[in-house]
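First the structure, in the form of structure tokens, and then the observations on it.
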Amino acid sequence: MHEMNLIKNLIDKIHELASDEPGKPIGVRLRLGALAHISAKHLREHFDREVLGTSLEGIKLEIDELKDINHREAQDVILESLKFEETDGH
Amino acid sequence: MAGHSKTIKVDYLARVEGEGALHIDYDDSGVQKVQLKIFEPPRFFEALLRGRDYLEAPDITARICGICPVAYQMSAVHGMEDALGIKPSGALRELRRLLYCGEWIESHMLHISMLHAPDFLGYPNAVAMAKDHPEVVKNALEIKKAGNALVRLIGGREVHPINVRVGGFYKVPENRELTALAEQLETARDLAEQLVIWSSTLPFPNYEWRRDNHYEFVALKHPTEYPMNEGRITSSKGLDITARDYENYFEEEHLAHSTALHCTLKNRGAYLVGPIARFNLNRDKLSPRARQLAESLKVAAPCLNPFQSILVRSLEVLHAFEEALRIIGKYQKPEEPHLATKPKAASGCAATEAPRGLLYHRYDIDKNGKITVAKIVAPTSQNQKTIEDDLRLMLPSFMHFPEDKLRGLCERAIRNYDPCISCSTHFLQLHLNNGQGQSS
Ligand SMILES: [Zn+2]
């Protein structure tokens with residue numbers, strides 16, 4: 001259930017960023033800390049389910065799994081970047 | 001359009017938000033009101049279960065919590081089996097205990113190493129703690145990994161295991177698959193023993209529940225085992241009932257300040273579930289090594305210092321390893337992975353011991369096996385009133401603390417109970433209300 005809340009927060013942020021951009025978001029890249037309590041597979045599963053039927057359905061999710069348990073982001077899930085489809089004229 | 005895209009760099013930290021808020025009302029005469037708001041999921045899942053097939057219950061309930069999916073599955077299958085009048089025994093029953101051992105290890109280790117130990121030693125998180133205590137964090141991850149391996153093998157995968165079904169399992173492991181795990185488990189057990197000794201040296205705040213007036217401890221009790229999957233619901237003040245009687249003795253109260261329900265014992269009030277309650281009622285049933293260690297470290301029952309829950313958790317981790325090795329040592333693959341099940345109109349109840357305490361499920365199903373009623377009472381909602389009472393008793397001596405320090409203390413006190421909000425490192429929104437209508 002924490003994961004549901006986490007993903008929701010993530011998706012809200014994506015929507016917020018997308019509303020400032022002209023194109024459609026087509027890719028999202030996350031960094032997953034080595035000590036984050038969620039696994040990449042689990043994260044992907046939740047993400048895919050949450051975007052189903054929304055404007056983000058079909059968006060490509062890439063997850064960088066960090067291996068270093070001493071990294072300062074080792075417990076975090078970071079939204080690294082968003083990829084947008086370029087609209088004509090831009 | 002292919003190739004024409006642009007990427008924007010964000011670096012945004014995803015957060016678990018809005019899961020915990022603590023409101024404290026106080027004035028010159030003391031702390032008046034303490035309200036803990038917890039976002040609690042089982043209510044939502046009860047609605048989701050209605051109309052679904054009885055065989056779907058273990059997979060749906062597993063999604064209630066990513067940290068203790070097995071607990072929800074176990075209570076769900078036991079509840080359904082109670083309704084259908086079947087009772088897996090022998091190796092199937094042992095495999096369920098084994099799976100539960102894996103979950104206790106995973107969940108307790110996450111709580112101990114990522115949240116509670118850093119709290120104790122004054123680090124903001126495990127990463128910061130690892131700089132000064134690399135061995136502790138490394139060993140903790142090693143121990144947790146062994147728990148993951150158990151859940152993966154028997155549950156089918158590490159998170160949201162999918163191999164559990166009403167009547168048993170979809171697939172049972174081969175003897176050699178289990179014995180192949182034994183060496184890893186033995187190594188991790190020895191590390192777990194060191195962890196118990198280490199956690200006994202932590203600086204426990206000098207705070208105890210009053211001996212004459214402590215909470216009623218509630219946990220399962222089984223005639224020969226430290227309780228996991230089954231037993232009678234018992235308490236330190238003489239309660240001794242079956243799961244079928246749960247709703248006659250316990251009541252839930254809906255409170256406006258929280259989405260969670262408050263549970264109390266009828267006519268008796270707040271009670272405590274979880275490792276300390278389990279330990280206090282079942283210390284004599286711990287595995288030999290865990291029991292001896294508890295004795296040599298002078299961890300007596302009843303344990304009345306809530307901050308020692310971290311020590312009790314580590315004892316339970318050691319116990320879980322010994323229990324797992326015992327089960328693996330005598331495992332013989334059962335002929336069938338599950339008993340045959342056939343739906344009928346019926347009602348069933350079950351209680352099991354989730355890592356964070358007693359978990360109760362009740363299901364009504366119709367003749368086609370469709371779920372008509374699902375009721376799930378999670379450990380967090382059972383402890384919520386006790387957490388608030390505890391804070392109310394503890395806070396008057398600390399209200400002069402600056403807000404940051406006060407929040408830290410409250411987080412730490414709440415973490416003793418390992419409620420389901422404790423995943424996020426800094427989870428607590430603290431609202432102080434000083435009686436003059438000022439809030440900060
Ligand atoms: Zn949880």
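In what follows, chains are A, B, ... by sequence order, proteins preceding strands, each numbered from 1. Only a predicted model underlies this, so the values are computations on that prediction, with no experimental measurement involved.
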Exercise. Side-chain contact, heavy-atom cut-off 4.5 Å: A/Arg31 with B/Asp11?
Worked result: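 Touching, per the 4.5 Å side-chain cut-off.
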Exercise. Side chains of B/Ile8 and A/Glu21: closer than 4.5 Å at any heavy-atom pair?
Worked result: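 In contact.
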State, to 0.1 Å, how close [X] and [Y] come at their nearest heavy-atom pair, and which atoms those are.
X       : Y        : result
A/His71 : B/Val127 : O-CG1, 3.0 Å
A/Lys83 : B/Ser5   : CE-OG, 3.4 Å
B/Ala14 : A/Asn9   : CA-OD1, 3.8 Å
A/Leu79 : B/Val10  : O-CB, 3.7 Å

For this session: Mark yes when over 12 heavy atoms from residues, nucleotides or ligands other than A/Lys8 sit less than 6.0 Å from its NZ; otherwise mark no.
Result: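 12 or below, so no.
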Problem set entry | B/Lys131 NZ: over 12 foreign heavy atoms closer than 6.0 Å |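 Count over threshold, so yes.
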Problem set entry | Heavy-atom contact with chain B under 4.5 Å, split by part of A/Ile26 |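 Contact with chain B involves the side chain of A/Ile26 alone.
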Exercise. Atom CG in B/Asn125, atom CD in A/Glu73: separation rounded to 0.5 Å?
Worked result: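 Between B/Asn125 CG and A/Glu73 CD, I get 11.5 Å after rounding to 0.5 Å.
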Exercise. How many angstroms lie between atom OH of B/Tyr12 and atom CG of A/Leu10, to the nearest 0.5 angstrom?
Worked result: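 Nearest 0.5 Å value for the OH-CG distance: 8.0 Å.
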